[in-house]
Amino acid sequence: MTVPPEPEGHDSRHCGARKRQGEGTCTRPAGWGTDHAGHGHCKLHGGSTTDQGKAARAAKAEAQARTALATLDVQPVDNPLVALRLLAGQAVAWQEALAACVNRLGDRFRYEGLAGGEQLRSEIALYERAMDRCGQILGLIAKLNIDERLAAISEQQADVVIAAIDAALAHAGINGPAAAEAKRVAAHRLRSV
Ligand SMILES: [Zn+2]
């Protein structure tokens with residue numbers, strides 16, 4: 001069973017369930033009397049049932065994540081290869097954080113009782129999803145040959161700079177061993193960056 005769709009024009013700050021008696025919808029605060037205040041139906045309209053609670057908690061977590069995302073300073077992606085490598089680093093770090101979480105299984109207290117069992121299952125599910133995601137990203141990187149392509153890009157950029165130095169030297173009338181030495185130094189510096 002899923003939470004019924006909200007009626008047209010429904011204000012998400014309210015429960016919004018159709019009233020059993022009389023006209024209209026419930027105007028109690030969303031999630032009133034439940035553990036997901038601010039989301040879903042109120043306690044009197046099934047908000048505390050397992051299915052509704054699950055859906056409302058998921059909606060709440062998603063809304064919180066969206067709020068957090070809105071405060072991030074999001075930069076445009078100039079180089080998708082670099083961004084993908086960064087993403088892989090973050091995915092691996094997230095997976096490791098979850099692994100550490102799951103590894104504390106010895107901590108009996110955290111997993112005692114029904115709620116503890118649910119927490120354990122959700123942590124393991126997150127961990128497994130993180131592993132899948134890491135696998136996908138790393139597989140994509142392997143397929144794209146990302147390191148070689150990034151190296152090729154910096155080689156190309158170095159070649160452009162060296163060509164510019166070459167032109168500048170020629171323009172200044174510098175040639176022979178002095179020009180060759182200047183280019184050698186420039187190439188060395190560029191490749192060590
Ligand atoms: Zn209600």
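In this text, all values refer to a predicted model and were calculated from it rather than measured experimentally. Counting starts at 1 for both ligands and their atoms, following the listed order.
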For SG in C15 and SG in C42, the angle at the Zn ion (ligand 1) (nearest 10°) is 110°
Can you name the nearest heavy-atom pair linking T34 to G31, along with the distance?
OG1-O, 2.6 Å
Do any N/O/S atoms of C26 come under 2.8 Å of the Zn ion (ligand 1)?
yes
Got a sec: does the NZ of K54 have more than 12 other heavy atoms crowding it under 6.0 Å?
no
For the Zn ion (ligand 1), find the closest N/O/S atom belonging to H45 and write down its atom name.
ND1
Does any N, O or S atom in H41 come within less than 2.8 Å of the Zn ion (ligand 1)?
no
Applying side chain to side chain contact (heavy atoms under 4.5 Å, CB included), run through V185 and H188 and close with a yes or a no.
CA-CA 5 Å; V185 170; H188 182 74; 5.7 Å; no
Tell me, with the steps shown, if L169 and K183 meet side chain to side chain contact (heavy atoms under 4.5 Å, CB included).
CA-CA 9 Å; L169 290 169; K183 278 199 288 181; 4.0 Å; yes
